[in-house]
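These notes concern the structure reproduced below.
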Amino acid sequence: MKILEGNNKIEIAELDFFNPEHIFKCGQAFRWIEEEDGSYTNVAHNKIINVSKGENIVIDNSSLEDFQSIWMDYFDLNRDYGALREELSLDETLKNAMEYGSGIRILNQDPFETIITFIISANNQIPRIKNSVAKISEMYGSKIGSYGGREYYSFPSSDELSRAKVEDLREFARVGFRDERIVKTSKLISEGAVDLNSLYEIPLEDARRELMKLPGVGPKVADCVLLFAFKRSESFPVDVWIKRVMEELYLKKDTNKNLIADEGRRIFGKNAGFAQQYLFYYGRENNLGR
DNA sequence: GTCCAGGCCAGAC
DNA sequence: GTCTGGCCTGGA
């Protein structure tokens, strides 16, 4: 990997395992906007950046300092995905899935934003999840600036979102029955009843149980949050798609979600989260098991 | 009109 | 502890 500094942009040369389309469409993030030229724009850490892939990976609208202090970690660039592929490829099924979703990286996203986003994802559809998250940012976040003719807003803090009215969330952000869950969860976090900062170092099961104190956070959402925001690559979120894929390719029989999560962690170990992500993308894009 | 989508929750056993 | 029905919403 070679970092080249340009005019308010960073170019990364000699980086394998980075495919923006797969990274942003594999279901871990819901705010990246695809531009007409195939690049992607979003705001994170109160900064707007645009990501594209040509010969090099280009991160536009970023200083070298921001790249090093923010985006290196956000895009998981410190991880050796080559080594990861070696390990996962021992499993033939996984090898295929990983080839299919080549260049998926697991982002390290903001915990609170991830929690709210995945509360919204329950029994929902991706286009609607995206709309709700965008609307919530507009309504309760702060305007950061504009890029490519669009305005961008930060995702609100727990404090900001705890003051939202449930009826506004329902009427304008179209979150339906998830309205109360969003406000209650925001309150619990802003009041410190659930301390997100304490979740990094404690055992996975404890962190999971702590997250599940939040209304709207069940086993699946907790696992997604642990994987996408807390670097817990050993967690194995089980949604309907993973259930189908695991039943079809591994277990060969109808199995309840808890058992599938146990099996996932048993089979894939510390890389369970990565396995999950590749299997999910592979299964969903190919309509496996339907 | 009916069905269902990247789950959660409450209530029933 | 395990299982089931219902849930906002909007597009098929």
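None of these values were measured; they are calculated from a predicted model. A, B, ... follow the sequence lines: proteins, then strands. Residue 1 opens every chain.
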Selection from B:dC8, B:dG6, C:dC7 that lies nearest to any side-chain heavy atom of A:Val221: B:dC8

Pairing of A:Asp262 and A:Arg266 as salt bridge, 4.0 angstrom limit: no

Electrostatic pair A:Glu87-A:Lys270, nearest N-O below 4.0 angstrom: yes

P-based separation of B:dT2 from C:dG6 [nearest Å]: 15 Å

Inter-residue atom distance A:Glu210.CD - A:Glu205.CD, 0.5 Å rounding: 13.0 Å

Centroid-centroid under 6.0 Å between A:Phe118 and A:Phe228 rings: yes

Sugar-phosphate, base or nothing in reach of A:Asn123, heavy atoms under 4.0 Å: base

Length of the OH-P vector between A:Tyr281 and B:dG6, whole Å: 15 Å

d(NZ, A:Lys257; P, B:dG7) in whole Å: 5 Å

For atom CZ of A:Phe177 and atom C1' of B:dA5, their distance in whole Å: 10 Å

d(CZ, A:Arg178; P, B:dG6) in whole Å: 12 Å

Side chain A:Arg174 and base C:dT9 donor-acceptor under 3.5 Å: no

Gap between atoms CE and C1', on A:Met212 and B:dG7 respectively (whole Å): 11 Å

Residue-phosphate contact under 4.0 Å: A:Asn256 side-chain N/O, C:dC3 OP1/OP2: yes

Separation of B:dG7 P from A:Asp179 CG (nearest whole Å): 19 Å

Axial cation check for A:Tyr81 ring with A:Arg105, 6.0 Å and 45° limits: yes

Each stem that DNA chain B is part of, given as range with range (3 or more consecutive Watson-Crick or G-U pairs, under 3.5 Å): B:2-5 with C:9-12, B:7-13 with C:1-7

P-based separation of C:dG10 from B:dC8 [nearest Å]: 22 Å

Between C:dG5 and B:dC3 - P atom distance, rounded Å: 14 Å

same_hphob_cluster(A:Ile136, A:Val43) at 4.5 Å side-chain heavy-atom cutoff: no

Sugar-phosphate only, base, or nothing, as touched by A:Pro219 at under 4.0 Å among non-hydrogen atoms: sugar-phosphate

A:Arg170, nearest nucleotide to its side chain (from C:dC7, C:dT9, B:dC8): C:dT9

Length of the line joining A:Lys220:NZ and B:dC9:C1', which is rounded to integer Å: 16 Å

Lys/Arg N to Asp/Glu carboxylate O, A:Arg244 vs A:Asp239, below 4.0 Å: no

Sugar-phosphate, base or nothing in reach of A:Pro215, heavy atoms under 4.0 Å: sugar-phosphate

Ion pair A:Arg150/A:Glu35, N-O distance below 4.0 Å: yes

Linked, directly or transitively: A:Leu227 and A:Phe75 (ILVMFWY side chains, under 4.5 Å): no

Salt-bridge contact A:Glu247-A:Lys243 (side-chain N to carboxylate O under 4.0 Å): yes

Sugar-phosphate, base or nothing in reach of A:Ile119, heavy atoms under 4.0 Å: nothing

Residues A:Arg265, A:Glu234: salt bridge by 4.0 Å N-O rule: no

For atom CD1 of A:Ile120 and atom C1' of B:dG7, their distance in whole Å: 14 Å

Sugar-phosphate, base or nothing in reach of A:Gly27, heavy atoms under 4.0 Å: base

Listing time: all N or O pairs from protein to nucleotides 11-13 of chain B that are below 3.5 Å?
none

Closest listed nucleotide, where the reference is the side chain of A:Phe118 and the choices are B:dG6, B:dC9, B:dA5: B:dG6

